[in-house]
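A note on names: the letters A, B, ... follow the listed sequences, proteins ahead of strands, and every chain is numbered from 1.
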Number of protein chains: 2
Amino acid sequence: MASIKDVAGRAGVSVATVSRVLNDKGYVSEESRKKVQQAIKDLNYKPNAVARSLFNKQSKTIGLMVPDIMNPFFPELARAVEDTLAELGYTVILCNSDEDTDKEQSYLEMMMQKYVDGLIVSSNTLSAERVKEFKMPIVSMDREIAKGLPSIIVENKKGAKMAVSFLKEKGRKRIAHIRGPHSVGNAIDRCEGYREVVGGEPWFKESYIAYGNYDMKTSINATIKLLKLHPEIDGIFAANDISAIGAIKAVHKLGKKVPEDVAIVGFDGITLSEATTPELTTIAQPIYEMGEKAAKMLVEMIKQQQVEQTIYRLDVQLIERQST
Amino acid sequence: MASIKDVAGRAGVSVATVSRVLNDKGYVSEESRKKVQQAIKDLNYKPNAVARSLFNKQSKTIGLMVPDIMNPFFPELARAVEDTLAELGYTVILCNSDEDTDKEQSYLEMMMQKYVDGLIVSSNTLSAERVKEFKMPIVSMDREIAKGLPSIIVENKKGAKMAVSFLKEKGRKRIAHIRGPHSVGNAIDRCEGYREVVGGEPWFKESYIAYGNYDMKTSINATIKLLKLHPEIDGIFAANDISAIGAIKAVHKLGKKVPEDVAIVGFDGITLSEATTPELTTIAQPIYEMGEKAAKMLVEMIKQQQVEQTIYRLDVQLIERQST
DNA sequence: TTGAAAGCGCTAACAT
DNA sequence: ATGTTAGCGCTTTCAA
């Protein structure tokens with residue numbers, strides 16, 4: 001691999017001049033520039049990014065930390081982030097945290113040691129303090145880690161209300177909710193949204209809210225229990241698409257039909273929701289747009305060396321399909 | 001951020017000594033070692049990875065290049081790779097190539113510039129020459145890019161034969177195939193496997209092989225056409241799970257039932273295949289294991305500085321579910 | 001057993 | 001307009 005010295009030698013100038021044309025900084029005569037460019041071509045020279053990083057304390061690399069890339073919400077997000085960042089000249093490091101504090105910590109340390117320029121993170125376990133002491137631009141996805149920390153979130157409560165209202169409009173009289181983890185902000189918001197729409201109904205019971213943990217197995221079991229206890233239920237709002245798919249399976253297992261006997265609405269709009277039978281009606285988040293926005297914000301922050309204090313709350317959209 | 005100089009100063013030794021204890025290389029008196037370790041603790045010193053890379057020409061980073069992380073096959077692979085590599089002290093850079101030669105090229109250049117230590121790649125467009133001139137350990141997934149290049153592949157033909165034989169055992173008399181792209185090796189192998197089992201049957205027709213392109217929309221249309229042309233078809237082997245899901249949808253659209261009227265077997269064993277109704281019978285690849293193996297092989301290669309000339313051909317497994 | 005110093009490839013003062 | 005040089009933080013020879 002040719003180095004800047006080789007280029008300088010071949011062009012008959014000093015390394016400083018080469019550096020100047022490389023970075024288009026300072027004065028360089030047209031003649032020298034030509035010679036340097038020629039030498040660069042001849043040698044197929046590519047600047048050494050590591051040497052640059054050492055000097056600049058920047059690596060043109062950002063970290064993307066998600067709980068688990070296998071969770072179907074994240075591939076699309078990762079794709080959006082990577083697309084956008086690649087366009088802007090950045091490289092993406094993938095981290096699966098499993099929401100494990102120790103793993104998170106070691107990823108953070110690795111990032112500092114490698115001069116990673118910034119971090120896009122979706123986590124419920126990363127505390128505000130640890131983020132603070134980690135002096136690096138951060139954008140948080142799907143959750144406000146700390147006041148004043150840039151975040152991309154969606155209208156969770158509003159979306160939940162849309163979902164439940166939609167079930168009502170469709171003539172459903174007993175609407176249950178499969179909720180997500182108690183510790184997760186968006187699960188709380190979505191549950192609140194549900195409550196606001198049907199919590200005051202005369203038929204409403206606390207036991208209409210079952211715990212699905214955002215996962216399929218738990219949701220299947222929860223739904224079966226729910227429907228056995230309350231056979232009158234004719235509509236379900238599941239807090240995410242995975243839970244909704246679990247609910248569909250449970251309904252089928254009990255010999256009932258979706259949507260005839262029980263109509264189901266999910267939340268997220270992951271690709272999976274189109275692959276099921278029946279296809280899932282869902283509250284779609286603009287996942288790709290979220291990733292794109294996060295990436296752009298982060299780069300802004302990196303360039304300005306100052307943290308924008310913004311929260312982007314993106315809108316959600318009801319996609320009606322066969323499950324309702 | 002404390003540097004090695006700070007540590008040396010605080011410990012009252014030279015930076016060389018600090019480096020020695022850091023890397024556990026060369027002679028260090030017990031006393032000096034203690035002092036250095038204490039200083040490291042006091043200062044919460046972490047070695048600067050970039051400076052190390054500059055010297056070592058290694059970055060403890062590897063690239064993972066996939067066509068598209070949104071393709072449901074790859075998240076699990078990425079997870080396996082990342083888990084394994086993180087365990088071994090490596091960081092993973094994610095690249096979505098879209099099988100686009102230009103994108104691939106610029107990723108490769110970025111990797112050279114950043115002293116990336118190796119590459120795990122799944123691509124049908126990366127040519128043998130480009131890989132050769134890219135002097136860096138590479139493991140190829142799901143495809144042999146060049147003779148002698150380490151690859152992880154699966155028993156595609158054998159799996160296809162298993163799938164089709166299984167349909168026969170289940171009493172299916174007219175078995176069709178939804179094939180993948182003509183340019184993709186594993187699609188060719190799977191199609192061959194299909195042919196070997198039923199190509200000699202008296203009822204076999206060339207038009208029983210439809211083109212699904214490994215994608216859902218195309219497979220839906222192909223299946224609809226197929227079943228309209230040949231209503232006698234009672235079994236379908238789809239070359240991947242996405243196609244199989246498309247086939248299920250198509251069968252439903254035509255008012256027929258899976259598996260009563262048409263039994264369907266897929267290939268891949270992606271998580272998605274469990275989420276459908278009916279759940280998909282499929283030939284499962286050991287996806288996680290493939291990623292793990294690839295990562296371990298790559299690290300071996302990096303450490304030994306020499307390329308092992310091995311091809312791992314992993315076995316596949318029939319998972320019987322509701323679609324048959 | 002330890003330290004001084006060169007060097008990895010680059011950028012940016014500073015001089016000229 | 002250009003070159004010389006120090007320095008980014010580390011590792012490793014070489015000498016002591």
Side-chain angles (χ1 to χ4, degrees), chain A residues 1-40 43-61 89 109-117 305, chain B residues 1-37 39-40 43-61 89 109-117 135 305:
Chain A
M1 287 272 294
S3 82
I4 197 172
K5 266 189 192 167
D6 304 320
V7 175
R10 186 168 234 277
V13 300
S14 73
V15 294
T17 301
V18 177
S19 178
R20 286 191 190 100
V21 349
L22 245 31
N23 301 290
D24 209 23
K25 259 181 196 167
Y27 298 96
V28 183
S29 71
E30 208 36 53
E31 201 195 331
S32 303
R33 164 168 280 111
K34 282 260 166 2
K35 285 191 293 181
V36 169
Q37 281 163 342
Q38 189 56 51
I40 287 178
L43 299 172
N44 188 227
Y45 167 75
K46 304 268 184 276
N48 181 317
V50 176
R52 282 186 159 172
S53 293
L54 183 58
F55 184 90
N56 296 323
K57 300 189 187 311
Q58 298 225 341
S59 61
K60 284 283 186 178
T61 301
E109 277 167 16
M110 172 275 284
M111 290 186 203
M112 309 216 60
Q113 298 186 57
K114 291 195 172 167
Y115 284 154
V116 165
D117 301 341
Q305 300 289 60
Chain B
M1 287 273 292
S3 83
I4 197 172
K5 265 191 194 166
D6 303 321
V7 175
R10 188 168 232 277
V13 299
S14 74
V15 296
T17 301
V18 177
S19 177
R20 288 191 188 99
V21 350
L22 244 33
N23 300 292
D24 209 23
K25 257 182 195 166
Y27 298 97
V28 183
S29 70
E30 209 35 55
E31 201 195 330
S32 302
R33 165 168 278 110
K34 282 260 166 2
K35 285 191 294 182
V36 169
Q37 281 163 342
I40 288 177
L43 298 172
N44 187 226
Y45 167 75
K46 304 267 183 277
N48 180 318
V50 175
R52 282 185 158 172
S53 293
L54 183 58
F55 185 91
N56 296 324
K57 300 190 186 308
Q58 297 225 340
S59 60
K60 285 284 186 177
T61 301
E109 277 167 15
M110 172 274 286
M111 290 184 203
M112 311 217 59
Q113 299 187 59
K114 291 195 172 168
Y115 284 153
V116 165
D117 301 341
K135 301 212 164 307
Q305 301 288 62

>> Protein within reach of the bases, or only the backbone? For nucleotides 6-16 of chain C, mark each nucleotide 5' to 3' as B, S or -, using heavy atoms under 4.0 Å.
In response: -BBBSBBB---
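Under the side-chain contact (heavy atoms from CB on, under 4.5 Å) criterion, A:S53 pairs with A:S59, B:V50, not counting sequence neighbours. Shown here are the salt bridge (Lys or Arg N to Asp or Glu O under 4.0 Å) partners of A:R20, two or more places apart in sequence or in another chain: there are none. Listed by chain and number, the residues in a salt bridge (Lys or Arg N to Asp or Glu O under 4.0 Å) with B:K34 are B:E30 (sequence neighbours excluded). Applying the side-chain contact (heavy atoms from CB on, under 4.5 Å) test to B:K5 and every residue at least two apart in sequence or in another chain returns B:S3, B:V15. In this view, B:R10 and B:D42 satisfy the salt bridge (Lys or Arg N to Asp or Glu O under 4.0 Å) rule, not counting sequence neighbours. Considering only residues two or more places apart in sequence or on other chains, B:N23 meets the side-chain hydrogen bond (donor to acceptor under 3.5 Å, both in side chains) condition with B:S19. With sequence neighbours excluded, no residue forms a side-chain hydrogen bond (donor to acceptor under 3.5 Å, both in side chains) with A:N44.
Between A:K60 and B:K114, the shortest heavy-atom contact is O-NZ, 2.9 Å.
With hydrogens and angles left out, the side-chain atoms of A:K35 and A:T17 include no donor and acceptor closer than 3.5 Å.
At a threshold of 4.5 Å between non-hydrogen side-chain atoms, the residues B:T61 and B:Y115 do not count as touching.
Within the nucleic acid shown, B:S53 has no heavy atom closer than 4.0 Å to any nucleic acid atom.
Direction change of the helix axis from one end of the helix from C:dT1-D:dA16 to C:dT16-D:dA1 to the other is 50°, with five pairs defining each end axis (rounded to 10°).
Using a 4.0 Å cutoff to heavy atoms of chain A, the contacted part of DNA chain D runs 5' to 3' from D:dA1 to D:dG9.
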